Visitor: 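Let me begin by handing over the structure; questions about it come next.
These numbers come from the heavy atoms of this one structure, side chains and all, not from hydrogens, waters or symmetry mates. Please read all numbers here as calculations on a predicted model, not as lab measurements. For ligands, and for the atoms within them, numbers begin at 1 and follow the listed sequence.
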Amino acid sequence: MSEPAIPEVTWTRKDLLGIADLSSEEIELILDTAEAFQAIAQRPIKKVPTLRGKTVLNLFFEPSTRTRSSFELAEKRLSADALNFSGSGSALSKGESLLDTARNLEAMAPDLVIIRHQHPGVPHLLADRLDSGVINAGDGAHEHPTQALLDAFTIRQHKKRLAGLKVTIVGDIEHSRVVRSNIHLLVKMGARVTVAGPRTMMPVAIEKLGVQVSYDFDEALTDADVVMMLRVQLERHGRSLFPSTREYFQVFGLTQARLARAKADAIVMHPGPMNRGVEIASAVADGETSVILEQVANGVAVRMAVLYLLSLAQQGKS
Ligand code: CP
């Protein structure tokens, strides 16, 4: 096994808690590093010894398919030792606090902790108290930084740039951690972001984050380079925010006919999981312009890059 041709880099940030904290230079560095790691996925043997002897804890208190499995795959490909922990079946059900749980797990000396939690700010709480590097894998409706990074990586692959692109993000803006991280990233990198969705799912004053707001899907789609659809997050709605899924699809569902308003070479993205027939038609989700499965594949390389860079900060402390 040989090391990938990764750039000589300096990285001192202990944790990755959100895109809001990152500079455009740090974002660029993560994306460039991910490109180096992506080459590994093309090899017959997809494994390097970069994190041999390092231990990574995967703490998932909310369901996940893509994020959890791609972090686990990234850890395996970097030769790290991974310990998987989920809330159900743990001593949390006997009343142990999250912090005590984390301290006990830290006593096993992990180098990095990945956490997904339903409450915003839990990764920040752990990062304040633990010596290990902490990576936010999604905290409530707050941030999902590695999703935004893999989205940017995918856009860059197709469009060769982020600056100047029109990116239209559509759907349940209010409850989406993906949109918050994407807005922070895309605005920092010079893209023009439009968010569209029903008024009942639009956060107050979101334009203060530097985006255009539209309640007209067709208008928002016009001349878009990238169309990012978001899942309607029924589990986070305290009450009904639209009359029916049928009506939602009629007004905010992405169909081939609607997509014709975007640029001819526009790409269609979705972080998953998708509600087919609610926010996106199957013909679009599985169509030629869809890069949805590329996003999933790119998630492994981006998470390898993040794990590698944060491990450099851990080495710096020893
Ligand atoms: N995009 C995303 O976070 O998917 P999972 O919930 O499956 O991890």
Visitor: When you check the gap from the basic side-chain N to the acidic O, do E26 and R13 get nearer than 4.0 Å?
Guide: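 Judged by the 4.0 Å cut-off on N to carboxylate O distance, E26 and R13 do form a salt bridge.
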
Visitor: For G272, counting its heavy atoms only, list the atoms of ligand 1 lying under 4.0 Å from any of them.
Guide: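 Here the atoms of ligand 1 in question are 1 (N), 2 (C), 4 (O).
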
Visitor: Answer yes or no: is there an ion pair linking E72 with K76, defined by an N-O contact shorter than 4.0 Å?
Guide: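 No, this pair does not count.
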
Visitor: Which atoms of ligand 1 have any heavy atom of T67 under 4.0 Å away?
Guide: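 Matching atoms, with element in brackets: 2 (C), 3 (O), 4 (O), 5 (P), 8 (O).
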
Visitor: Does one side chain, of S181 or Q147, offer a donor that lies under 3.5 Å from an acceptor on the other?
Guide: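 Note: S181 and Q147 side chains miss the donor-acceptor criterion.
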
Visitor: Could you check atom 6 (O) of ligand 1 against the protein and tell me its nearest heavy-atom contact, residue, atom and distance included?
Guide: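 Here the nearest protein heavy atom works out to R116 NH1, 2.9 Å.
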
Visitor: So, are D223 and K263 salt-bridged, with charged N and O less than 4.0 Å apart?
Guide: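 K263 and D223: not salt-bridged.
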
Visitor: Which protein non-hydrogen atom lies closest to atom 4 (O) of ligand 1, naming both residue and atom, and how far is it?
Guide: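 Of every protein heavy atom, R66 NE, 3.0 Å lies nearest to atom 4 (O) of ligand 1.
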
Visitor: Within 45° of the six-membered ring axis of F60 and under 6.0 Å from that ring's centre, is NZ or CZ of R116 located there?
Guide: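 Because its charged atom misses either the 6.0 Å distance or the 45° angle limit, R116 does not stack over F60.
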
Visitor: Can you sort out which atoms of ligand 1 are near Q147, meaning under 4.0 Å from one of its heavy atoms?
Guide: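 Result: 1 (N), 2 (C).
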
Visitor: Should you measure from each heavy atom of T65, which atoms of ligand 1 turn up under 4.0 Å away?
Guide: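 Taking each heavy atom of T65 in turn, ligand 1 has 5 (P), 7 (O), 8 (O) under 4.0 Å.
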
Visitor: With respect to M304, which candidate in L309, I40, T33 satisfies the side-chain contact (heavy atoms from CB on, under 4.5 Å) definition?
Guide: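 The side-chain contact (heavy atoms from CB on, under 4.5 Å) with M304 is passed solely by I40 among L309, I40, T33.
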
Visitor: Do any nitrogen or oxygen atoms of P271 come within less than 3.5 Å of a nitrogen or oxygen of ligand 1?
Guide: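 Right, the criterion is met.
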
